[in-house]
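Following: one structure in structure tokens, then a few remarks.
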Amino acid sequence: MPDEPIYFTTPIYYVNAEPHLGHTYTTVVADTLVRFWRQRGRDAFFVTGTDEHGDKIAQAAAKAGVEPKAFADRVSGLFRSTWEQTGLRPGWFVRTTDPAHMAFVQDVLRRIHARGDVYFSSYRGLYCTGCERFYQERELIDGVCPDHRTPPTEIAEENYFFRMQRYQERILALYESEPERITPDGYRREVLALLREPIGDLCISRPKSRLEWGIELPFDDRFVTYVWFDALLSYVSAVESAGRPELWPHVRHLIGKDILKTHAIYWPTMLLAAELPLFRALHVHGYWQMDQAKMSKSLGNVVRPLDVQARFGMDAFRYFLLREMAFGHDAEFSEAALVTRLNADLANGLGNLASRVLAMQQRYFGGTVQPLDPGPPELALREAFAGARRDFDHHVARLAFHRGLEAVWRALDLANKYVTDTAPFRLAKDPAQRPRVGAILHELCEVLRVSGQLLAPVLPETAARLFAQLGLPETDLADLDRPWGASFPPGHHTRPPEALFPRVDTPA
Ligand SMILES: [Zn+2]
């Protein structure tokens, strides 16, 4: 049986803000995972997009003095072009204003209404406009929304309700028996605690008298659909629009912890009611904290991906995000920390190794790769990289990117130590040592080849440039199981080095 495909989603991003650090992180994670699995021969796909309906968008558009659709078009376009310019490549970009998505939402509503899962009732509740949801008294902290720190508004109105409570026991049993459905496990326990209390039913409509900007209910044109009920369904409508409906049962959602409840409770109950397969997993990450004092003028206090790319390069940004955050936990972003990582790990650890090896290759052999002659230090080096491959695969498959990268850098440190210990630059002064110098450099070309392959999902541009300098075709980046020594046949030429990561002066 062939391996099943893998489908990742990022949240669809709300168009009330332009792309920032949080959006970029989740999208980088999705892009990296897709590259990682494709390199390992899997059919991998990711979807991102924009969430465009609801109160907040209507308000933001009114403030900007434009129609909601024009407002959404502009910001959605900004997301799409930002991902294009930063090399993040979704298989599909979904918009909740896409006619196909809107038709799909109406179809699901019709179905769950027909099976008796929707009823009409009056409701009085505490509503947070920021969250676009009603709160129960006990969820508030000192009377205010825990996220927005603003008091909710009391609203009384007639609405349609989805019988969410009907499905509570089934999802509770599911999360209890299948722990891999929500990772890391702390978030699963949080959800289990919520599910041990009554979850109530879900208000899924908004009267047009209050909000017109939404998808009309197919069974009552006086109402539009609650924005979360609309947005969550984009994960399914996207693969239908992309012509890949078979991907749906293999979906893994990447989300921030702020949207855990909507994804872990609302969403599976909706899927059960719509008789659609449940997601494979929710992978939940923490927040990026920003120390404003540590942010300098070059990036400002809002981290815009295009600014970081222009200043440091996208690969350095990707590396920092994946190396610095332990998926699931909070992490801190600062420009100083990014520069430190860039200089220490990328410029020194990897970049310096590549430029030294390729420069010596050029100087001593005109770029021609010499025969290997492995002894104990070489075999130890090969074993270190075989171990790095195993660890990297193990950790990245579990979204522990920081651990995977640590493993590669442990091997790179050993390679740098190998250069210092064997000292080819000193041996080269003795003509009798020429074959030994050639063998050492060949060994190091293999180190660079394996490093480029392992790091390609995280550092795609760098891996391509490194392979060009090694004189290897970019297609070889996917050839992970190639034996050590098989890449550089007699007569193979490497090229003169070009710095992969210029050092950045630490900001004053
Ligand atoms: Zn709120």
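Atoms within a ligand are numbered from 1 in the order they appear, just like the ligands themselves.
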[Y] ring center within less than 6.0 Å of [X] ring center:
| X | Y | value |
| --- | --- | --- |
| F162 | Y226 | no |
| F219 | Y160 | yes |
| F333 | F320 | yes |

Subject >> Number of protein N/O/S atoms that sit closer than 2.8 Å to the Zn ion (ligand 1) >> reply: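 There are 4 of them.
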Original post:
What orientation do H53 and W213 show, parallel under 30°, tilted 30 to 60°, or perpendicular over 60°?
Top reply: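 Geometry flag for W213 against H53: perpendicular rings.
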Original post:
Should the pair F161 and Y123 be assigned to parallel (<30°), tilted (30 to 60°) or perpendicular (>60°) ring geometry?
Top reply: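 Taking Y123 first and then F161, their aromatic rings sit tilted (interplane angle of 30° to 60°).
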**OP:** Inspect the surroundings of CD in E180 and state if more than 12 heavy atoms from other residues, nucleotides or ligands are less than 6.0 Å away.
**Re:**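 It does: E180 CD has more than 12 such atoms within range.
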